[in-house]
Amino acid sequence: MRVLCVAEKPSIAKAISQILSGGQFAATNTRNKYIKNYEFDYPQTQSFFTVTAVSGHLTAHDFYETHRKWHACDAFDLFDAPVETKVPPDNKDIENNLMTQARRAQVLMIWTDCDREGEHIGMEIAKVCRKANATIRIKRARFSAIIAQQIHNAAQHPVELDKRQADAVEARIMLDLKVGAAFTRLQTLILQGKIPQIADEKNVVSYGPCQFPTLGFVVQRYSLVKNFVPESFWYIYLSLTRPSPSQGTAEETKFNWKRNHLFDEVVVANLYDRMGNSLAVVTKVTNKTTKKWKPLPLTTVELQKAGSRLLKLAPKKVLDVAEKLYQQGFVSYPRTETDEFDKDFDHMGLIAKQTVDPSWGAFATSLQQGGYNSPRKGKNNDKAHPPIHPTAHAGNLAGDEKRVYEYITRRYLACCSKDAEGWQTTVDVVCGGEEFSATGVCLVVKERNYLNVYIYDKWTGHTVPDFQEGEEFQPTLCEIRQGETSRPNYLTEADLVTLMDKNGIGTDATIAQHIQTIIDRDYVIERMEGATKYLVPSTLGIGLIEGYNQIGLVKNVSKPQMRRETERKMVQVCEGTVSKNDMLIEGLNQYKEMFVIVRREFQRVTSVCDFFC
DNA sequence: GCAAGGTC
């Protein structure tokens, strides 16, 4: 029996071939320079296997000629316009390879990633193969990691493709295309010539169900900063300065007021007066060990946040660099939501590969000699890819590649280490009826553990001198002090990634692209302040969001709710409680309703843009 | 000239 296996990407085709054939396969090139066909015997099922791949989605979607030109129809008509699904020219070689191979095979086994998009890509592959071979039997291999035992199991016990998941994706594709195109044409055609920024025909004022909520977050923070009014507060400052027993130098211990601070000066003054000239009494001294937790296994979103915050690289850039490292075989697949390792994961094998490194090799060795501790388990598992980790030692990297590889490796070794341990002392005192406390973390951390390799975390603290319970002292300072609430900062890229992730805007693989899009469209400008990059909306970006806000729809195009509903609907289609068609019609109706109102009230957007631009 | 989602 001949079995044709098709993976979502070339790297997976290669990996499963290696496992299933035990390394004994013949590889032939295809007309696509990235894709190879691997052939070998698989005696376990008395089959001859051909393993190949696609490169993500096979088909593209667009309107037919009648609706493709911007002036060919009214923008509203796009909601009900038919959509053409076809294999674009770039993918023709891939399609031809699939068809040639399908003609020779009796069984097609789909090996795409086990997520919604993978199921849809599987359907695309199945359609192409059935076109070439109407009687081919279609099966689906289920696996959650590239581990030998799992891959063999998937090959020997295939299941069926899940049509529901593919349907959910199909509905999302249609919805996004229609909504995006309709609103983009509406915005662009009205604003063109009205405001100077988009006088040029090339300047599209794009709308997308992900890019607009993303812009919304940036503008929301901007408004918060702009409208900020500092507020005064008052608090009681209490401290004791006395020689430290060890060094003999004077040392000030600050005690924090339990009430923190109050916004009413009179109330603070009254409390202060009541204290009079009282002595402070130590009511309690607590000494306990405390831990600083090692980091969680690394996901794409976390890598992007760390890249932006620690390495000063844009989220898109970090992902591009990680992708390159992946292609060179230095790190695992960099697009993953998973922050827990499989229980059978071979950590010792990976740690051994890092022992030769001049910077962290000694640390890796220490893990082999008893320092190893199982990584923490996070709450996310996409059942397709493990957390990002180094797969080989890379000694000859330079520049950003070196820095990203170093981060991934140090993070991984930190995950396999132990939490850092230290001492924490808390001293509670009462003075004239008011409570205060001082907390200190021992500067000499008991066990640094993971901190030795994860140089991005610092654990510094101040010590608290010895105090005895019941001890009384005259405070050196006891006075009312005034402070002010401080202005919030503009959003950083890391903040924005967090917000998008929390609100379900985009996926691990696309979040960085959406941020790039709103920068490319001139909705948002990057502004450096010191070493930190902030995202500030442009006048156009502010105008668009403020304009839509003035139209006053509850479910605004700039808010995350609409996208969240699309996500929820997709889950329902996957569960079988809603059909693909119902999801699409319901979604289209919602956006159509909004479109009518937005078009009627669009002069509000125009005038706000005018005002700002 | 439009989207978001895969991937190279």
Side-chain angles (χ1 to χ4, degrees), chain A residues 7-13 30 32-36 53-63 67-73 75 77-79 81 83 88 90-91 93-94 112-125 165-166 168-189 191-192 198 200-214 300 319-320 322-324 326-328 333-335 382 384-385 500 504-518 520-521 557 562-563 566-567 570 587 591 595:
Chain A
E8 186 164 323
K9 42 188 164 279
S11 59
I12 299 282
T30 71
N32 178 298
K33 66 173 173 176
Y34 300 103
I35 298 174
K36 286 184 168 56
V54 289
S55 184
H57 285 286
L58 249 187
T59 59
H61 302 78
D62 204 352
F63 301 106
H67 294 79
R68 196 136 49 203
K69 290 235 165 55
W70 279 46
H71 292 281
C73 68
D77 297 344
L78 294 173
F79 286 114
V83 170
D90 284 356
N91 286 348
D93 287 339
I94 300 175
T112 48
D113 296 353
C114 291
D115 51 28
R116 280 192 314 224
E117 298 295 332
E119 225 60 28
H120 183 263
I121 294 169
M123 281 297 174
E124 295 179 306
I125 295 166
Q165 291 190 50
V169 170
E170 187 85 17
R172 191 221 73 229
I173 289 172
M174 297 297 165
L175 196 58
D176 285 348
L177 172 63
K178 293 180 169 188
V179 170
F183 278 89
T184 299
R185 290 187 193 180
L186 176 77
Q187 289 184 163
T188 309
L189 294 176
L191 289 174
Q192 228 155 42
I198 48 169
D200 198 323
E201 272 251 317
K202 285 210 172 71
N203 287 334
V204 170
V205 190
S206 65
Y207 170 82
C210 286
Q211 49 179 277
F212 252 58
T214 304
T300 307
L319 200 51
D320 288 347
E323 177 76 30
K324 253 190 169 165
Y326 166 65
Q327 280 161 22
Q328 296 171 82
Y333 188 62
R335 286 188 276 269
D382 61 20
H385 309 285
M500 294 173 71
I505 303 298
T507 69
D508 50 2
T510 61
I511 281 179
Q513 287 172 28
H514 297 312
I515 298 176
Q516 194 57 49
T517 302
I518 59 173
D520 290 344
R521 299 286 188 216
V557 292
M562 298 282 284
R563 190 62 187 177
T566 304
E567 277 293 322
M570 286 179 80
Y591 277 102
F595 187 91

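Please read all numbers here as calculations on a predicted model, not as lab measurements. In the text below, chain A, chain B and the rest are named by the order of the sequence lines, each starting its count at 1.
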Are Asp176(A) and Arg172(A) within salt-bridge range, i.e. N to O under 4.0 Å? yes
Can you tell me if Asp113(A) uses its side chain to pair, donor with acceptor, with the backbone of Gly118(A) under 3.5 Å? no
Pick the closest DNA chain B nucleotide for Leu189(A) and for Ser11(A) by heavy atoms, then say which residue is nearer the 5' end. Leu189(A)
Centroid separation under 6.0 Å, is that true for the rings of Phe595(A) and Phe79(A)? yes
Between protein and nucleotides 2-7 of chain B, map the contacts as a letter string: B base, S sugar-phosphate only, - none, heavy atoms under 4.0 Å, written 5' to 3'. BBBBBB
Please list, chain by chain and in numerical order, all residues satisfying ring pair (Phe, Tyr, Trp, His ring centres under 6.0 Å) with His57(A), sequence neighbours excluded. His120(A)
Mind checking what makes side chain to side chain contact (heavy atoms under 4.5 Å, CB included) contact with Thr30(A), not counting sequence neighbours? Asn32(A), Ile35(A), Asn37(A), Asn97(A)
